[in-house]
Amino acid sequence: MLEKVVELSNQIENEKQRIFVLSGVIVASDKFMDKEYLKQIRERINMTKFSQIYEDEKIEYANQMVKENSMKAALKMFDEDIDFEKVMKITGLSESELLNLKNNAVDV
């Protein structure tokens, strides 16, 4: 039954709830569960946390790349004398970001 609970926990989308369920299994079954199986559950909890950190880092990196590409595009548009408002609308960069970029001629 515990193996079914652990397998079913994979279907729980909320990370905290999934860890709560797996932790509950460990606490409830500590007296009668095989130590190797407890170790596997603990590893699954750690992998879940690791996966979330990894996903967060990927998203942060992707956002950084989008911003850098927008800044490069903005610099090219400024070189072509495209209207400031248009550059802001096309790139999605804020007015202060574009002013800073334009005034400092940052090389990205």
Side-chain angles (χ1 to χ4, degrees):
M1 287 303 259
L2 291 173
E3 288 179 7
K4 288 182 182 179
V5 170
V6 172
E7 288 305 314
L8 286 171
S9 72
N10 290 330
Q11 297 175 15
I12 300 172
E13 291 183 20
N14 183 295
E15 173 92 17
K16 289 181 181 180
Q17 288 177 352
R18 183 173 40 252
I19 290 173
F20 180 77
V21 168
L22 291 171
S23 298
V25 168
I26 290 172
V27 171
S29 59
D30 190 44
K31 302 291 183 206
F32 60 87
M33 187 183 287
D34 177 83
K35 288 187 181 198
E36 183 59 34
Y37 194 66
L38 284 172
K39 183 180 174 185
Q40 289 175 9
I41 294 173
R42 286 189 183 105
E43 287 173 0
R44 187 174 295 197
I45 290 172
N46 288 335
M47 285 305 295
T48 301
K49 289 179 183 179
F50 173 77
S51 297
Q52 186 59 49
I53 291 169
Y54 181 67
E55 287 301 313
D56 291 345
E57 288 177 353
K58 285 191 330 189
I59 290 169
E60 183 179 330
Y61 178 76
N63 288 338
Q64 181 182 353
M65 292 292 95
V66 167
K67 186 156 199 143
E68 285 181 19
N69 287 335
S70 294
M71 293 173 80
K72 287 177 185 178
L75 286 173
K76 289 178 183 178
M77 288 184 236
F78 289 145
D79 287 344
E80 297 294 322
D81 293 322
I82 295 176
D83 179 63
F84 188 86
E85 294 292 323
K86 254 187 187 175
V87 174
M88 192 165 64
K89 184 177 179 180
I90 292 169
T91 63
L93 296 171
S94 70
E95 182 177 358
S96 61
E97 289 171 322
L98 287 175
L99 286 172
N100 187 40
L101 182 66
K102 190 172 185 177
N103 292 336
N104 294 321
V106 175
D107 187 29
V108 282

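Count residues from 1 along the sequence. Computation of the quantities below employed the complete heavy-atom set of this structure, encompassing side-chain atoms and omitting hydrogens, waters and symmetry-equivalent molecules. All of these numbers come straight from a predicted model, not from anything done at the bench.
- Not a single side-chain contact (heavy atoms from CB on, under 4.5 Å) links E60 to another residue, sequence neighbours left out.
- Between M88 and L93, the closest heavy-atom pair is CG-O, 3.0 Å.
- For the pair N100 (side chain) and S96 (backbone), a donor-acceptor distance under 3.5 Å is absent.
- Remark: V66 engages S70 in a side-chain contact (heavy atoms from CB on, under 4.5 Å) (not counting sequence neighbours).
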*asked:* Go through it in stages, so that I can follow the logic: the residues are M71 and T91, the test is side-chain contact (heavy atoms from CB on, under 4.5 Å), and I'd like the CA-CA distance, side-chain angles, deciding distance and then a yes or no.
replied: CA-CA 8 Å; M71 293 173 80; T91 63; over 6 Å; no
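- Here salt bridge (charged side-chain N to carboxylate O under 4.0 Å, His left out) pairs that include residues 86-99, with residues two or more places apart or in two chains, are K67-E97.
- Annotation: side-chain hydrogen bond (donor to acceptor under 3.5 Å, both in side chains) contacts of Q11 (sequence neighbours excluded): none.
- Within a 6.0 Å sphere centred on CZ of F20, other residues, nucleotides and ligands contribute 12 heavy atoms or fewer.
- L99 CG to F84 CZ: the interatomic distance, rounded to the nearest 0.5 Å, is 4.0 Å.
- Residues satisfying the side-chain contact (heavy atoms from CB on, under 4.5 Å) criterion with N14, sequence neighbours excluded, are K16, Q17.
- Its side chain within the 4.5 Å cluster rule, M65 clusters with Y61 among the Ile, Leu, Val, Met, Phe, Trp and Tyr residues.
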